[in-house]
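Side chains included, hydrogens not; waters and symmetry mates left out as well; all remaining heavy atoms used. We name chains A, B, ... by the order of the sequence lines, and we start the count at 1 in each one.
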Amino acid sequence: MRDILSDLNKEQLVAVEATEGPVMVIAGAGSGKTRVLTYRIANLMRKGIDPFNILSLTFTNKAAREMKDRVMQLIGDREGRNVWMGTFHSIFAKILRIEGKHLGYPSNFTIYDSDDSKRLIRSILSEKNLDTKVYSPSYVASRISMAKSSLVSPRAYADNPEIIAADESARKPEIKNIYNTYQNRLRRADAMDFDDLLFNTYLLFSNFAEVLLKYQRKFKYIMVDEYQDTNHAQYLILKKLAANTENICVVGDDAQSIYGFRGANISNMLNFKHDYSDYHLFKLEQNYRSTKNIVEAANHVISYNKDQIKKKVWTGNDQGSLLGFIHATSDNEEGKMVADSVFELKMNNQLPNSDFAILYRTNAQSRSMEEGLRGKNIPYKIYGGTSFYNRKEIKDLLAYFRLVINHNDEDSLQRSINTPARGIGKTTMEKIVVAADEHDVNMWEVITNLAKYGVNLNSGTTAKLMNFSTMIKSFAAEMKKKEAYDLARHIAISSGLLKMFRDEDTPEAVSRVENIEELLNGIKQFSEKGAEENEGDLELQGTLEEFMQDIALLTNQDNEDEEDKDKVTLMTIHSAKGLEFPYVYVVGLEENLFPSIQSISTRTELEEERRLFYVAITRAEKHLTLCYAESRFRWGQFTITEPSRFLDEIDESLIDRPKKVSMGAKDLFGSSTKTKVPKRNLKSINTSSSDPSFESSDTGGLQTGMKVEHPKFGKGKVMAVEGNGPNKKATVFFNGVGQKSLLLRFAKLKIIV
DNA sequence: TCCGATCTATTTTTT
DNA sequence: ATAGATCGGA
């Protein structure tokens, strides 16, 4: 620990040593940002600061874990574990479990993930008889989420003329009411969604001065990673927490801001100098990670963005080899070619699998990569995607756990009450929901006091409900006595859930049973670990409640323990941020995929996509390969693609591209013997050809999401509408044909819905 | 109330 | 492709 400071370059060193007062570090990709943060923590402790007084915030679990590991390496586990290090959400959840009572929440509140939120929104929509085509749950969810991350309460939402006008012009005036009901429902269930973890922390700190003071005293030194990704709520919370000592150090890179879609606001970086006039600014511009070619490619790409803080990222590293380029005819071939390339590099240079990463824009792209790698027997691991905790059987079992911990959790109640079937059907549940709404109490309250709330049910049903609540209560009683694993297994068996899947006797059900076993094993490990650490410490360790708190914020597979060491990494670019790999493949560089179709209509969104591409490029240390496939299965359909505009933004001289440039659909059809075009798609192209009786509609009011029919392309869905007047264009996804951009002036479109 | 067959929306990215 | 929603029959 003595000479840790000698590991740093001059700029890093000053940033590490400026421990007092506000500090902002603008750190280019690969410039040792995490290093600065971890060494800062070590340095603080070296100077005698109590680790309990240090707070370090990150965005992803992976980044948090990485930071923890590195800090532990520097200063040892014993002291290291006392630093409050974690994601914003997990740290604030921890605080809210302790202080939530001030806001009227019990400490065992349930955290709803985005799935749970959407399900709740769905059920509110159906109660309010709103059309889910107009009020698409994900749209409503994102409106609500945006409001919350800007600290706009349901009340403030309804009172804000601009928001209301926006909703009205989008013909969705009900959103304010949905938001209000949604928030009441969460409250009634003693549940918080992800945004509430921030919003409520903000409320806590602004309304309870003594609580704020307690945490201001506690967190004398605050560090924030990826500051460019903070949203308004996070910004204000930080401002409050740091108000006393102003010992706040934020590290960020505007060029890597990729979370605008969830409310991140780069202006938080720009505002820093206004909030803390005596701040110190440090810039880290030397890239230690990548070769000259990679850095140059990245700089070139990002220079296409208008909005950016000027800085010059450079490297003293070798020139390195040219960027690789893979041009495949289909997504499957792309997977094969990437796997071949990995295999070749690995064999020629005797490299471990862990040197390789394959990065993509969307989780769905992992499949063809997996197939390719499996074909070559290359071990891989996937981050994210449909995570373990999102599988149906896991959610089913977790719903029991959650309900046992928090009986008021209505989502879990609805999920578990008739799974496995107990003869408590829709009619019964409807009556309960109605009674709950009428008396503004939650469903558990109604179920356990049927008479009091005037619910009329026959004696058989009453008995069934009674049995269910008795069972849940008995589980809850055992929670205090039993260890997490024992209780979990007991619930899996006594609830009948395990039996239900066993009885099903399909291959699918077998894997569901296996997954349940896996979850139980995970719990076993957890409680054993708890018992180990328990000596002398918290008595709560190792209970099911603790386990649930632990996993509530783990949305992707974060359990890396088992020998996942030497494997190729597959992940989205978003989750790759902050990581680095010697060999990186960026796949699916196609228009409408990357940049994504939803982003190409506005400059800000397109620039965010470009920053995402920048992040992807700068993950690579030694070699970067860019991949493009001429066709791809998307939404279960065969689609013809065009190369991404981003490919043109890298200087040709940096890419090792085969001379022949052949692209586009014509070429593909000419040589389509190689590409498997499913029969039914060919059929649908042929059968839906021009029909003399076809009548086109007035497309003046055409909107995203509408269903249309085209005389030649058949039925499709409008993905985007852009331009005005005679130049108005629509991007339509046609079943079996793929995506088409149509000039409405000419296109004969019939609006179906 | 349950079950199966059929229809339908869904896919951007993360906590 | 796939999970969930919906509907009709048992």
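- Among the protein residues, A/Thr428 comes within range of the sugar-phosphate backbone only, with heavy atoms under 4.0 Å from sugar or phosphate atoms but none that close to a base.
- The A/His89 side chain lies nearest to B/dT15 when the options are B/dC2, B/dT15, B/dT14.
- A straight line from CZ of A/Phe199 to C1' of B/dT15 spans 17 Å, rounded to a whole angstrom.
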Please tabulate, one pair per line, each protein N/O and nucleotide N/O from nucleotides 5-10 of chain B that are separated by under 3.5 Å, including the distance.
from  : atom 1 : to       : atom 2 : distance (Å)
B/dA9 : OP1    : A/Lys133 : NZ     : 3.4
B/dA9 : OP2    : A/Lys707 : NZ     : 2.9

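- In this structure, A/Arg512 places its CZ atom 12 Å from P of C/dT2, rounding to the nearest Å.
- Contact detail for A/Lys392 and A/Phe501: the closest heavy-atom pair is NZ-CZ, 4.5 Å.
- Considering only side-chain atoms of A/Ser596, the nucleotide from B/dT15, C/dT2, B/dT12 that sits closest is B/dT12.
- The residue among A/Glu608 and A/Lys464 whose nearest nucleotide of DNA chain B lies closer to the 5′ end is A/Lys464.
- Residue A/Glu605 places its side chain closer to B/dT12 than to any other of B/dT12, B/dT15, B/dT13.
- For the residue pair A/Asn406/A/Thr110, the side-chain donor-acceptor check at 3.5 Å is satisfied.
- Residue-level contact check: A/Tyr259 touches the backbone only, with heavy atoms under 4.0 Å from sugar-phosphate atoms and none from bases.
- Ranking C/dT2, B/dT15, B/dT13 by closeness to the A/Arg367 side chain, first place goes to C/dT2.
- Taking atom CD of residue A/Glu591 and atom C1' of nucleotide B/dT12, one finds them 15 Å apart after rounding to whole Å.
- Rounded to whole Å, the distance from CE on A/Met571 to C1' on B/dT14 is 13 Å.
- B/dT15 has no base stacking with the ring of A/Phe59 when judged by centroids under 5.5 angstrom apart and an interplanar angle below 30°.
- Of the candidate nucleotides B/dT13, B/dC3, C/dG4, B/dT13 has the atom nearest to the side chain of A/Thr572.
- Using a 4.0 Å cut-off, no side-chain N or O of A/Thr362 falls inside it from OP1 or OP2 of B/dT11.
- Between A/Ile258 atom CD1 and B/dT15 atom P there is a gap of 11 Å when expressed in whole angstrom units.
- Salt bridge annotation for A/Lys128-A/Glu174: absent, with no cationic side-chain nitrogen under 4.0 angstrom from a carboxylate oxygen.
- Sequence order on DNA chain B of the closest nucleotides to A/Ile424 and A/Ser599 puts A/Ile424 first from the 5' end.
- One atom, CG of A/Asn458, and another, P of B/dT1, lie 8 Å apart when rounded to the nearest Å.
- Counting all heavy atoms, side chain and backbone alike, A/Asp193 lies closest to A/Ser117 at CB-OG, 3.7 Å.
- Residues that satisfy the salt bridge (charged side-chain N to carboxylate O under 4.0 Å, His left out) test with A/Arg374, not counting sequence neighbours, are A/Glu370.
- Between the CD atom of A/Glu590 and the C1' atom of B/dT11 there is a distance of 15 Å, given to the nearest Å.
- Candidate nucleotides B/dT12, B/dT11, C/dG4 were compared by shortest atom distance to the side chain of A/Arg361, and B/dT12 ranks first.
- Under the 4.5 Å side-chain criterion, counting only non-hydrogen atoms from C-beta, A/Ile175 is in contact with A/Tyr139.
- Applying the salt bridge (charged side-chain N to carboxylate O under 4.0 Å, His left out) definition to pairs two or more places apart or across chains, those involving residues 254-264 of chain A are A/Asp254-A/Lys311.
- Rounded to an integer number of Å, the gap from A/His574 NE2 to B/dT12 C1' is 8 Å.
- Atom OG of A/Ser138 and atom CD1 of A/Ile121 lie 9.0 Å apart (nearest 0.5 Å).
- Note on A/Asn418: a side-chain N or O is less than 4.0 Å away from OP1 or OP2 of B/dC2.
- Between the side chains of A/Asp409 and A/Tyr112, at least one donor N or O lies within less than 3.5 Å of an accepting N or O.
- Using a 4.0 Å heavy-atom criterion, one finds that A/Asn231 contacts no nucleic acid atom at all.
- Regarding contacts with the backbone of B/dT14, a side-chain N or O of A/Asn363 is found under 4.0 angstrom from either OP1 or OP2.
- Checked against B/dT13, B/dT15, B/dT12, the side chain of A/Gln598 finds its nearest nucleotide in B/dT12.
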